[in-house]
Participant: 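So that we are looking at the same thing, I have put the structure below in structure tokens.
These values consider heavy atoms only, across backbone and side chains, with no hydrogens, waters or symmetry-generated copies. Lettering of chains follows the sequences in order, A, B, ..., and the numbering in each one begins at 1.
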Amino acid sequence: MSEDGAGPGGRIALVDVNNFYVSCERVFDPSLEGRPVVVLSNNDGSVVSRSAEAKRLGIKTGTPWFQLAPSAPRWGLVARSSNYELYGDLSARVMELLARFGTWQEVYSIDECFLGLAGDEAQLREAAGRIRSAVGRHVGVPVCVGVAATKTLAKFANHVAKRNPHLRGVCSLGSMPPGEAEHIQSRVPVTGLWGVGARTGKRLNAIGIETIADLKAADPLLIRKRFSVVLQRTVLELNGTACIPPVDERADRQQVMFSRSFSTPVSTAEQLDEVMAVYAQKAASRLAAEGLRASVLTVSAGTSRFSGEAAFPAATVRLPAPTQDPIALTKAAVAAMRGCMVPGTAYVRAGVVLTGLEPADGQETLEPFAGPQEQRQLGGLLGSVRAKFGESAIGLGAGGLAAPAAWSMKREFSSPRYTGEWAELPVVRA
DNA sequence: TCTGGGGTCCTAGGACCC
DNA sequence: TCTGGGGTCCTAGGACCC
């Protein structure tokens, strides 16, 4: 039996942090406890995480902040700009702690992971309870735990744990009274399931499949024929057959992306040159950090989805040779963007995507078109300066801006970085 | 005035080869 | 004259996730 299957008697736990970003903010600012809190996307654009109190106010994920701001004082609503350094750091602590509880661990996203568990029902319930209290005690964020025979069912169990406070954040499907799980499945729409989005949901409804129970009872072969192998796996998993492979057995990383919206629109080629210089260098840094080189570069820009004519220029270029050199990548990005953007159009976002990735280590392959020796050395120097003095310490050409450009990101409600910066560590008095 | 970012996997279709 | 068909590789686009 492979690791993704639970094995005889084995089970899979899905552990995730409730309202992760908000919970992280609360770890370092307990005054946020009990109050409605939202964390905003880049540029303080819209809501990406909500506390339970904020949800009770009817605030939805994706709501633009400018629509909420007028009511915030009246509601006592607190907004925070997103602080990914802090979230990444707390995520690492949570994952490290959780790893101790499983026979295997698969980190699925910043705030959730699958764990292998073994034992009888009483032991599973007990383990799930210990997991929950350990994370609360040692890291200070609340988690829910769902336990079942497959990943899809563990996700479902987690969903049940979240929505039923009397379960105290823990649900093992095997411990539910007979018929109870089926009863819930017959009431929850298919789109409540992991892997079934709005589109597929609509198509399923059209053939009479409305609830999780309906999908569970469907013929897997028919589902494969009419939909996809992905949905077929979901049907099998609902029926207890584990068939979604572990993420770490899947392919290596396929792409590195840096994409952001601007605080103010950009409409000249010169400004987009600046943007491309900064974004390409950001992407190059990530590439270097992962020890990769890229052979294909894609740039894109876009106008607002909410106004006027829509324009989404994009261009893909094959690089002369696989590279992680920020100079080569910047030049390619600027040229590609010049080739597809239309001056005078108000762009509000842009991005750089690197694909065709391969390991940068091993022997240097012949790079007949790579720049001169000095250029490659400069690329290395940039990397080491950044590593020592931080991401914005040095940059190339338009990317080396001493002051933030007019279009750069807005973050008005930032919490301190706490764990990421010595000067911002919280002070504890005993 | 102001509406996120970074990923993955699968499929269909075209180019090309034998 | 006959106008095949299987295989691979690549890319674009769809769908989904957190």
Participant: How would you label the contact of A:D111 with the nucleic acid (heavy atoms, under 4.0 Å): base, sugar-phosphate, or nothing?
Facilitator: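 Here A:D111 touches the backbone only, sparing every base.
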Participant: Please determine if A:K155 and A:E112 form a salt bridge, counting it only when a charged side-chain N lies under 4.0 Å from a carboxylate O.
Facilitator: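 Salt bridge present between A:K155 and A:E112.
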Participant: For the pair A:W194 and A:Y108, name the ring-plane relationship: parallel under 30°, tilted 30 to 60°, perpendicular over 60°.
Facilitator: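 A:W194 and A:Y108: perpendicular rings.
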Participant: Does A:K202 NZ have over 12 foreign heavy atoms under 6.0 Å away?
Facilitator: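 Open.
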Participant: Using a 5.5 Å cut-off between ring centres and planes within 30 degrees, is A:F306 stacked on the base of B:dT3?
Facilitator: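 Yes, aromatic ring over the base.
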Participant: Look at the side-chain N and O atoms of A:S41 and state whether any lies under 4.0 Å from the OP1 or OP2 oxygen of B:dT3.
Facilitator: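 Looking at the OP1 and OP2 atoms of B:dT3, neither is under 4.0 Å from any side-chain N or O of A:S41.
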Participant: Touch check for A:R224, heavy atoms < 4.0 angstrom, all strands: base, sugar-phosphate only, or nothing?
Facilitator: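 Here A:R224 touches no strand at all.
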Participant: A:Q255 near the nucleic acid: base, sugar-phosphate alone, or nothing, with a heavy-atom cut-off under 4.0 Å?
Facilitator: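 A:Q255: base contact, heavy atoms under 4.0 Å.
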Participant: The side chain of A:R260 is closest to which nucleotide in this list: B:dG5, B:dG4, C:dC18?
Facilitator: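 Given the options B:dG5, B:dG4, C:dC18, the side chain of A:R260 is closest to B:dG5.
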Participant: Sort me out a list of protein N/O and nucleotides 7-11 of chain C N/O pairs below 3.5 Å, or just none if empty.
Facilitator:
from   : atom 1 : to     : atom 2 : distance (Å)
C:dT11 : OP1    : A:R318 : NH2    : 3.3

Participant: Would you call the rings of A:F258 and A:Y279 parallel, tilted or perpendicular if under 30° counts as parallel and over 60° as perpendicular?
Facilitator: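 Perpendicular, since the angle between the ring planes exceeds 60°.
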Participant: Which nucleotide wins on minimum distance to the side chain of A:F66, given the candidates B:dG5, B:dC2, C:dC18?
Facilitator: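 Selected nucleotide (nearest to the side chain): B:dC2.
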Participant: Give me the distance, rounded to whole Å, that separates C:dC18 from B:dC2 when you measure between the C1' atoms they each carry.
Facilitator: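 Here C:dC18 and B:dC2 have their C1' atoms 25 Å from each other.
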Participant: Contact list please: residues 186-204 of chain A against DNA chain C, heavy atoms, distance less than 4.0 Å, in numerical order.
Facilitator: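 Result for residues 186-204 of chain A: A:L193, A:W194, A:G195, A:V196, A:G197, A:A198, A:R199, A:T200, sorted by number.
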Participant: Is there a donor-acceptor pair under 3.5 Å between the side chain of A:T323 and the backbone N or O of A:R293?
Facilitator: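 Between the backbone of A:R293 and the side chain of A:T323 there is no qualifying donor-acceptor contact (under 3.5 Å).
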Participant: Say whether A:N19 and A:S51, considering side chains only, have a donor N or O and an acceptor N or O under 3.5 Å apart.
Facilitator: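 Distance-only check fails for A:N19 and A:S51.
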Participant: Quick one: CG on A:L354 to OG1 on A:T298, what's the gap to the nearest 0.5 Å?
Facilitator: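 Between atom CG of A:L354 and atom OG1 of A:T298 there are 8.5 Å.
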Participant: Does the distance from a Lys or Arg side-chain N to an Asp or Glu carboxylate O, for A:R253 and A:E290, drop under 4.0 Å?
Facilitator: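 A salt bridge links A:R253 with A:E290.
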Participant: Has the side chain of A:S263 got a donor or acceptor atom that lies under 3.5 Å from a matching backbone atom of A:S408?
Facilitator: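 Checking the backbone N and O of A:S408 against the side chain of A:S263, a donor-acceptor pair under 3.5 Å is found.
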Participant: How is A:F20 classified with respect to the nucleic acid when contacts are heavy atoms under 4.0 Å: base, sugar-phosphate, or nothing?
Facilitator: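 Contact class for A:F20: none.
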